[in-house]
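Here's the structure, in structure tokens; my notes come after.
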Protein chains: 2
Amino acid sequence: MGTEKLSKATIRDVARAAGVSQSTVSRVLNKNGYVSAETLERVMQAVQALDYSPSAIAVSLSKSRSRIIGVIVPQIFAPFFSQLFYIADRIAEKYDYRLLLCNSESSVVRERRLIDDLLSYKIAALFIAPVDGQEGSNAAYLNSIRLNGTPVVCVDRELTGIACDGVYIDNYNACYEVTREVFMRGYRNIAYLADPPVYAPGRQRLAAFEAACQEFGVTVPPENRMLAPIEASEKRERFLYEIMHRETPPKAIINFSKGWDYGMLRAVTSTGRRVPNDVFLTGLDDDNVLRSFGYYTDYRPNTEEVATVAATLLMERVLHADEPVPEPVRTALTTHLTSVLQRGTVLPEPDVKPMDLK
Amino acid sequence: MGTEKLSKATIRDVARAAGVSQSTVSRVLNKNGYVSAETLERVMQAVQALDYSPSAIAVSLSKSRSRIIGVIVPQIFAPFFSQLFYIADRIAEKYDYRLLLCNSESSVVRERRLIDDLLSYKIAALFIAPVDGQEGSNAAYLNSIRLNGTPVVCVDRELTGIACDGVYIDNYNACYEVTREVFMRGYRNIAYLADPPVYAPGRQRLAAFEAACQEFGVTVPPENRMLAPIEASEKRERFLYEIMHRETPPKAIINFSKGWDYGMLRAVTSTGRRVPNDVFLTGLDDDNVLRSFGYYTDYRPNTEEVATVAATLLMERVLHADEPVPEPVRTALTTHLTSVLQRGTVLPEPDVKPMDLK
DNA sequence: CTGTTAGCGCGTTCAT
DNA sequence: ATGAACGCGCTAACAG
């Protein structure tokens, strides 16, 4: 009841109500400087009475730093990134930081614009899953930002020439283990599907695949390989259609193309083949789809771990932003293969005698 | 080369460099007020030379409004919400607005805190998928915020007592159509799985289900119904396990519980039943899982449409925020049933002769 | 057309 | 222990 204020109370209103100066109120609120118990009490009362809460904008301007952390991902709706964001938010919230989220759409120039815009908000830090296009990357720019005092933590993709904190995946090991498992299960007539090995992750994956092939003495002929970017989904689908209609279709398909588990699944099932009865599929399983089929063998980037490690490092940097810029820390998480078969799941007949999966 | 400035240039630096006053620079940048062509040129030069860009924080403080739109969703990693956010971002970006995203974790009190925090950032508007818990909701608070001049657009859940713009789903119609289709396909021995009808959406879904049952003269006995919240996943799983092990298990399961398509799928397949060969499943299909099985019959909230309509309305409000608060607009999108069978998909035998699916 | 001035709301010396 | 005064960077009257 009474006089409803439409405009929010300011620190000055509180000061007036408590009969003190603004600085005293500020001291009370920020718990710094000396304030007598009595004054403190009066101020608190006024704060309560006026339902005062400071303006984040004004605080930011005055301190030249906001409590906003800029986040840039290619596309938030990709499960990996929305998970990543979620976990980062859970962690940042503990320290009362908020996340300003942007989609770079995998465009280097757009990413650059977003970075600039975020910077104009005096962000406390930048959390980015950077774009690594054929046009290059913003690695140098990110480096300079970090040097200028704004912490930068990268995830997912390791840019060449980057000198910022980063948390990445050990692609090689994960993909090696997946391929190995397929061979251990006794499959030899297999197909390989992945992005072209133009960027680091793609190269690592292919290398891991070939290392495993060599180790098992298996040769996967060119007509069983499809290296096409995810944009070329039609090409991929034709490939799957073709191999699935052969006299002896592959017993297993290894898919190392991020975000394409669905695509593969749909394409394969649409040819009339059953999964996994007729064909054993492996994938990066970004979207947990394979496990819905009662089994999975995936290179799991373990989103949760990546996110937790990265976000923790991020907050670490934010909280120590006043200290001299530390050496960048690079972490490569070794992901372990998760392979689970639910009771009763039927798999294709192996081509050779399977080995013991330890 | 030369003097590298570590601290960004301010409007004053530009003014000095151009030999004019700050206000002139401001006029040029904001394209308001009269400025001679010559002065304009000089200012632009200075801007270029100093690589000047305004501080979003300072602008916000000065105008008591930021170009940040607050977004609150229960959990961003749910596909519906991350899609929603993505589309909203695409639209907001056209007008150069950014989205500050928060997770309410389906907690009313947490949501309240987030709202307050966002408000302290002088957000241009609030875009929210509000929580409707048994503890109540923030409907009244949202109403007051809107009345105080900050546009509020709600999505997904319609709060009782809300008086803000909102874009919702016509649950009733969608669920009615799904149930109808199951009956049209000739299934009579069916199971029903949903949240308890405590909130509006749940009540609408159940009502739609029962209306369709009545229309087809079908009685679904209590032992074929499971109304449990999604938290009670064990209870749900036991239910599915039980019905799937009966002598004559249900031919179809209607699942109107958001985000539980996976759960249902997994639970059912783990009993050894094949999908859709042994049992026809329907779901809200938030995560596109059912269609991976070569068929789908879903009540599709059509995320894209909801998001587009809502975000467009949102921007509309933001752009006219100076005008008197308009009447709230409530939109209920009628979702149409999408039902597709891929070639070669085998479905369970109908209990009665199917009717023509028009 | 352009410069001066006064805020926007708060943190932070520097005196007292 | 507390208050006055300045600055953060920019916009918006108000003069001229």
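Side chains are part of it too, since the values below use all heavy atoms of this structure and drop only hydrogens, waters and symmetry mates. Here is the naming used below: chain letters follow the sequence lines, and residue numbers restart at 1 for every chain.
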Do the side-chain N or O atoms of [X] get closer than 4.0 angstrom to the phosphate oxygens (OP1, OP2) of [N]?
| X | N | answer |
| --- | --- | --- |
| B:S36 | C:dC1 | no |
| A:S21 | D:dT2 | no |
| A:S55 | C:dG9 | no |
| A:S26 | C:dG11 | yes |
| B:Y52 | D:dC10 | yes |

How many angstroms lie between atom [atom1] of [X] and atom [atom2] of [Y], to the nearest 0.5 angstrom?
| X | Y | atom1 | atom2 | answer |
| --- | --- | --- | --- | --- |
| B:M315 | B:F127 | CE | CZ | 11.0 Å |
| A:C154 | A:L142 | SG | CG | 5.5 Å |
| A:I57 | B:I123 | CD1 | CD1 | 10.5 Å |

Please give, in whole Å, the distance from [N] [atom2] to [X] [atom1]?
| X | N | atom1 | atom2 | answer |
| --- | --- | --- | --- | --- |
| B:Q22 | D:dA12 | CD | P | 14 Å |
| B:Y34 | D:dA12 | OH | C1' | 16 Å |
| B:I11 | C:dT2 | CD1 | C1' | 14 Å |
| A:L61 | C:dT12 | CG | C1' | 14 Å |
| A:N32 | C:dT12 | CG | C1' | 9 Å |
| A:R42 | D:dG3 | CZ | C1' | 13 Å |
| B:K122 | C:dG9 | NZ | C1' | 9 Å |
| B:R65 | C:dG9 | CZ | P | 12 Å |

Please classify the nucleic acid contact of [X] as base, sugar-phosphate, or nothing, using heavy-atom distances under 4.0 Å.
| X | result |
| --- | --- |
| A:T39 | sugar-phosphate |
| A:T10 | sugar-phosphate |
| B:R27 | base |
| A:V20 | sugar-phosphate |

Could you say whether B:V35 or B:K63 is positioned toward the 5' end of DNA chain C, judged by the nucleotide with the nearest heavy atom to each?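 Closest to the 5' end, via its nearest nucleotide, is B:V35.
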
Does B:S64 or A:V25 map to a spot on DNA chain C nearer the 5' end, using the closest nucleotide for each?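 Between the two, 5'-proximity favours B:S64.
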
Can you tell which of C:dT2, D:dG3, C:dG9 lies closest to the side chain of B:T24? C:dT2

Nearest to side-chain heavy atoms of B:S23, which nucleotide of C:dC8, C:dT4, C:dG9: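 Nearest nucleotide to the side chain: C:dT4.
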
Residues A:R16, A:D13: salt bridge by 4.0 Å N-O rule: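 A salt bridge links A:R16 with A:D13.
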
Distance under 6.0 Å and angle within 45° of ring axis: A:R98 vs B:Y121: no

Just by distance, do the side chain of B:N148 and the backbone of B:N143 share a donor-acceptor pair under 3.5 Å?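 No; zero donor-acceptor contacts below 3.5 Å.
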
